[in-house]
Amino acid sequence: MILVTLIICAVLSFLCFVYIQNKPLSWVLTILSVIGMIVSTVYIVKNDKDHFGMKQETKTTYQPLHSVSPSKQMKMLLYQPIGTANKHQVYIYQTSENAKKKSHTTVNDTTNQVIKESGNPRIETQTTRWRYKDGASKLWFGIAGENGKLIKRHNKIYVNKDWLVLSTDQAKALQKKLKNKTYQAQLKAQGKAFVTKQIMAAMKKNPKMSKVQQAELQKQATAEFQAQAMQKLIRSIQK
């Protein structure tokens, strides 16, 4: 409507100045039309630069988050760095365990925050857009197409503490290392030595340890070694 008003005022100023023979009346109407043009232009600029007649509206949505790793024992969230400075990342995830396609966060006007906590993995998205304050504002400035324009989007990505958060390159390096037969052999030998040492130390303290207790200790020691080995491997590929 504001653009229509501007055009009408421009046309009226020309008609009043050229075709009205009564000069005083011609000047008055012309000046009023020019003032209308100026006022319309000012508000068009204010709407464009300062979003006059608009307000910021923020909505929060929630989405379930599932690991992209095929292994149920290794939960994983991936990200793809954008640009050479690695200031922005696109996070890759799944919305269900059996999702055929992976989902990802957007880039434009979007920030991401990864939070590790106990609970259900999820993405909390806060989206802020420009909206017209009322019907009158929409009537006057609706033609500008600013309604619903994205201002910013912030994703809070909640994952459990045992999840791995890796770049796509790090994930490839991890997968390659885990499939390496030499590394597997070394890991097996180191694990066996670690478990044996743990059992011998425990039996030294308690020579009467039963086979059931030894089996439980072996299980705990194996899990502890695997966790330590994984942490060491993750640190090595993150360097």
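Not measured: the values here are computed from a predicted model.
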With Y93, the side chain to side chain donor-acceptor pair (under 3.5 Å) member among H104, Q63, K102: Q63

Sidechain-backbone polar pair: N160 side chain, W163 backbone, donor-acceptor under 3.5 Å: no

Flag side-chain contact, heavy atom, 4.5 Å: W140 against N47: no

Matching residue for H154 among E124, Q126, Q113 - test: side chain to side chain donor-acceptor pair (under 3.5 Å): Q113

L150 and N108, any side-chain heavy atoms less than 4.5 Å apart: no

F52 and Y43 aromatic ring geometry - parallel, tilted or perpendicular at 30°/60° bounds: tilted

Check: S26 side chain, N22 main-chain N or O, donor-acceptor pair, under 3.5 Å: no

Flag, side chain of T105 to backbone of Y91, donor-acceptor distance under 3.5 Å: yes

S13 (side chain) donor-acceptor with V11 (main chain) under 3.5 angstrom: no

Parallel, tilted or perpendicular: ring planes of F17 versus W27, cut at 30 and 60 degrees: perpendicular

Main-chain N/O of N155 paired to T125 side chain as donor or acceptor, under 3.5 Å: no

Pair Y132 + F141: ring centers closer than 6.0 Å: no

Closest contact, heavy atoms only, G36 versus S40: O-OG, 2.8 Å

K116, NZ: over 12 other non-hydrogen atoms inside 6.0 angstrom: yes

Any R131 side-chain heavy atom under 4.5 Å of N147 side chain: yes

Within-4.5 Å side-chain heavy-atom neighbours: L166 and L78: yes

Neighbour count >12 (heavy atoms, 6.0 Å) for atom CG, N180: yes

Under 3.5 Å: donor-acceptor pair, side chain of R129, backbone of G148: yes

Student check: side-chain heavy atoms of Q214 and M203 closer than 4.5 Å: yes

Non-hydrogen side-chain atoms of L174 and L164 separated by less than 4.5 Å: yes

E224: which of Q220, Q226, Q228 passes side chain to side chain donor-acceptor pair (under 3.5 Å): Q228

Single-linkage hydrophobic cluster, 4.5 Å side-chain cutoff, I8 and L29 together: no

Side chain S167, main chain Y79, donor-acceptor under 3.5 Å: no

Beyond-backbone contact of K75 with V159, side-chain heavy atoms, under 4.5 angstrom: no

Minimum heavy-atom distance between N112 and T110, given as atom pair plus value: OD1-CG2, 4.1 Å

For I199 against Q218, the heavy-atom pair lying closest together: CD1-CB, 4.0 Å

M74 side chain near M230 side chain, heavy-atom distance below 4.5 Å: yes

Joint hydrophobic cluster, V45 plus V4, side-chain heavy atoms closer than 4.5 Å: no

